[in-house]
> 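Submitted below is the structure of interest, expressed as structure tokens.
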Amino acid sequence: MNRLLDLARDGVEKSVPKRISWHLLFFTALGATLLQGPWLWAARASWIVLALLFMVDFRFALYAAFFFSGFFHPAGFLKVLPFTLKHFHVALFLSLLVRLIRGGVWSDLRSTLSGARAFLPIFLILAIGVADSFMLDYPGKSLRILANLFLVLVLTCFFMAFLKEELSRSGDFFPLTLGLTYYLGSVCLQIILGVVNTAAGTSFLDLTLIHNNHLGILCALSVFYAMALEAAEKDNALRSVQFGMMVLIFCGLVASCSRTAWFSFLGAFLPFSVLTRAKVKVFNLPKIFRVRRKFILILLVGIVALLCAANNDIFCRVRNLPQLLDPGYWQYTLHDKQNFGCLGIYRLRDLRVLKHILAEHPVLGVGFPHYITDFHGLLFMLLGATGVVGLALFLFFMQRRLSGLWSVMWLPQRRGVFFLEIGCFASLLAWMFCSLMETCFLQFFLWIHVAIACVLAECVRAGKTDVPPEPPGPSPRLRGAALEYLIAEKGQDS
């Protein structure tokens with residue numbers, strides 16, 4: 001137990017930034033890059049400041065990539081491109097340019113190609129989509145979507161190689177935990193902007209809070225990291241920050257009114273709770289490092305009650321949840337013709353279209369035309385676009401990521417971050433639940449969870465984050481000399 005507490009204390013000391021003022025200034029510069037409209041010049045100037053910071057300390061590029069991974073809004077640059085340039089594109093392209101100037105791009109290229117092997121099933125899905133597009137004569141927008149996804153995956157592999165390098169260099173999880181703090185900070189910032197837009201009638205980043213499925217899914221996947229980090233940090237100030245972000249993300253999850261996000265969170269919270277409780281028993285962790293499950297559920301119920309009292313839309317959404325248990329409601333929904341109800345006419349239409357596709361192209365599907373990418377549900381979209389083969393590849397890919405986390409989840413804990421693997425595991429499960437009702441695959445914040453899963457499994461298994469061995473104690477000869485000196489001193493005193 002003492003050894004475990006020493007490791008945890010050492011991990012906390014590593015996780016507290018030495019110069020918190022630098023990170024506050026850097027976070028402000030990151031926020032300034034989001035300015036739009038008449039302030040776009042300030043955003044571009046902020047990108048120049050970030051580039052200079054990347055030259056001084058390249059780790060800032062990693063934290064910038066974490067921060068911008070949560071944003072799915074256009075960056076406001078080069079609108080003539082065939083794809084929408086988003087903030088994470090700019091951050092990673094800029095870091096790649098700085099890396100090229102500093103002369104480390106070739107090692108990054110080798111690491112990126114090595115990391116791309118983990119994404120081989122997804123690249124095969126893209127290849128099936130390209131072949132279908134040419135065979136069925138509609139390559140236009142279908143190829144553009146595949147090119148966008150290919151670019152996101154390449155940037156994810158580059159980000160993964162960069163993260164592995166920093167973890168190997170530091171010898172602990174500090175770059176990852178600090179990067180996740182930046183990521184959670186970006187999620188909280190979007191929630192705050194959504195509140196401001198809702199209350200003041202503004203349209204900053206065109207971000208809404210109520211009835212926003214994208215924001216709800218983002219919160220459903222991110223809150224598990226907030227709970228994992230809050231349970232791991234021992235420093236009072238840092239733990240208070242983590243707790244505040246967790247509460248704010250819970251507010252965004254509830255206020256989004258996304259039932260898909262709600263049920264995805266609940267479905268993933270059950271294994272998260274069971275696994276954290278099991279880990280506490282296996283490693284006999286003290287109370288300071290335990291996930292307070294009952295407190296979290298009570299907190300969530302309180303947030304639901306407060307938001308229902310503050311907003312009628314949220315109240316109606318929660319009040320109508322018991323309809324899902326009413327057979328008469330489902331009978332009405334299945335015969336609905338106006339897109340009302342839980343499924344709606346469009347989701348029912350998707351099932352009918354999918355039935356015809358599987359009757360004619362069950363093996364490889366029909367590619368990624370517009371009517372396929374509009375399917376409500378990633379798994380249904382993959383089944384229609386790439387057939388049984390593509391869906392099997394995706395499920396195999398996710399199974400490998402989950403099994404990789406499971407294999408390192410029960411190894412001796414390192415550096416005091418006891419529940420990080422479980423938080424990533426629950427986030428991937430939440431994405432799988434979301435994939436039943438929502439089609440999300442071009443957002444970078446989805447693939448960053450996959451990258452973290454790959455990095456955690458590889459680094460822990462390779463021993464790159466092991467605690468350094470303790471220095472050897474004094475030799476027997478030295479101990480004997482010290483004992484003789486103490487005996488002599490005691491004799492003189494007597």
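Quick caveat, the model's predicted, so the values are computed rather than measured.
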> Does the W431 side chain pair with the main chain of V450, one donor and one acceptor, at a distance under 3.5 Å?
no
> Decide whether a cation-pi geometry holds between R317 and F315; the criteria are a distance under 6.0 Å from NZ or CZ to the six-membered ring centre and an angle within 45° of the ring axis.
no
> Is the backbone of C434 close enough, under 3.5 Å, to the side chain of T260 for a donor and an acceptor to pair up by distance?
no
> Report the distance from atom CG of L456 to atom CG of L167, rounding to the nearest 0.5 Å.
7.5 Å
> Spell out, as yes or no, whether a donor-acceptor pair under 3.5 Å connects the side chain of T439 to the backbone of G377.
yes
> For the pair F71 and H87, name the ring-plane relationship: parallel under 30°, tilted 30 to 60°, perpendicular over 60°.
tilted
> Assess the residue pair F250 and F265 against the criterion (ring-ring contact (aromatic ring centres under 6.0 Å, His included)); give the C-alpha distance rounded to whole Å, side-chain angles, the decisive distance to 0.1 Å, and a yes or no.
CA-CA 10 Å; F250 272 132; F265 164 74; 5.6 Å; yes
> Within the distance-only criterion (no hydrogens, no angle test), does the side chain of S168 pair as donor or acceptor with the backbone N or O of K164 below 3.5 angstrom?
no
> Check whether any side-chain heavy atom of Q242 lies under 4.5 Å from a side-chain heavy atom of T181, and answer yes or no.
yes
> Verify, without hydrogens or angle tests, whether N197 (side chain) and L193 (backbone) share a donor-acceptor contact under 3.5 angstrom.
yes
> L442 and I145: which non-hydrogen atoms are nearest, and at how many Å?
CD2-O, 4.1 Å
> Mind checking whether F123 and F119 have parallel, tilted or perpendicular rings, split at 30° and 60°?
perpendicular
> Hey, are the side chains of I122 and L393 touching, using non-hydrogen atoms and a 4.5 Å cut-off?
no
> Ignoring hydrogens, what is the shortest heavy-atom contact between A118 and P121? Give both atom names and the distance.
O-CD, 3.8 Å
> Tell me whether the rings of F27 and Y182 are parallel (<30°), tilted (30 to 60°) or perpendicular (>60°).
tilted
> I would like to know whether E165 and R59 meet salt bridge (Lys or Arg N to Asp or Glu O under 4.0 Å); could you show each step before the answer?
CA-CA 10 Å; E165 177 185 352; R59 287 175 294 184; over 6 Å; no
> Name the one of F162, F26, F54 that satisfies ring-ring contact (aromatic ring centres under 6.0 Å, His included) with F60?
F26
> Going by heavy atoms in the side chains, are I422 and F419 under 4.5 Å from each other?
yes
> Start with the C-alpha distance between N213 and S258, add both sets of side-chain angles, then the distance that settles side-chain hydrogen bond (donor to acceptor under 3.5 Å, both in side chains), and finish with yes or no.
CA-CA 5 Å; N213 280 349; S258 172; 3.0 Å; yes
> Locate the shortest heavy-atom distance separating L218 from G70; write the atom from each residue and the value.
CD2-O, 3.6 Å
> Strictly distance-based, threshold 3.5 Å: is any side-chain N or O of S273 a donor or acceptor partner for the main-chain N or O of F269?
no
> Assess whether atom CZ of F204 is packed by more than 12 heavy atoms of other residues, nucleotides or ligands within 6.0 Å.
yes
> Is it true that a side-chain atom of E438 and a backbone atom of L378 form a donor plus acceptor pair closer than 3.5 Å?
no
> Would you please classify the geometry between the F444 ring and the F159 ring as parallel, tilted or perpendicular, with 30° and 60° separating the classes?
perpendicular
> Search all heavy atoms of L253 against all heavy atoms of G216 and return the closest pair with its distance.
CD1-O, 3.6 Å
> What's the spacing between Y63 OH and L30 CG if we round to 0.5 Å?
12.5 Å
> Could you grab the distance from atom NE2 of H214 to atom SG of C219, nearest 0.5 Å is fine?
13.0 Å
> To check you understand the geometry: which heavy-atom pair defines the closest contact between F224 and S427, and what is its length?
CB-OG, 3.9 Å
> Of the non-hydrogen atoms in A268 and F433, which two are nearest, and what is the gap between them?
N-CE1, 3.8 Å
> Check whether any side-chain N or O of W47 sits under 3.5 Å from a backbone N or O of V90 as a donor-acceptor pair, and report yes or no.
no
> Is the backbone N or O of A261 less than 3.5 Å from a side-chain atom of S264, with the two atoms forming a donor-acceptor pair by type?
no
> Once rounded to the nearest 0.5 Å, what's the spacing between atom CZ of F67 and atom CG of L184?
11.5 Å
> As an exercise, state the distance from CE of M227 to OG of S222, rounded to the nearest 0.5 Å.
11.0 Å
> Enter the distance from W447:CH2 to F88:CZ here, rounded to the nearest 0.5 Å.
12.0 Å
> Determine, step by step, whether Q443 and S69 satisfy the side-chain hydrogen bond (donor to acceptor under 3.5 Å, both in side chains) criterion, reporting the C-alpha distance in whole Å, the side-chain angles of both residues, the deciding distance to 0.1 Å, and the verdict.
CA-CA 8 Å; Q443 289 80 3; S69 63; over 6 Å; no
> How about R293: does its CZ atom have over 12 heavy atoms from other parts shown lying under 6.0 Å from it?
yes
> Mark yes when over 12 heavy atoms from residues, nucleotides or ligands other than R292 sit less than 6.0 Å from its CZ; otherwise mark no.
yes
> With under 30° as parallel and over 60° as perpendicular, where do the rings of Y183 and H449 fit, or are they tilted in between?
perpendicular
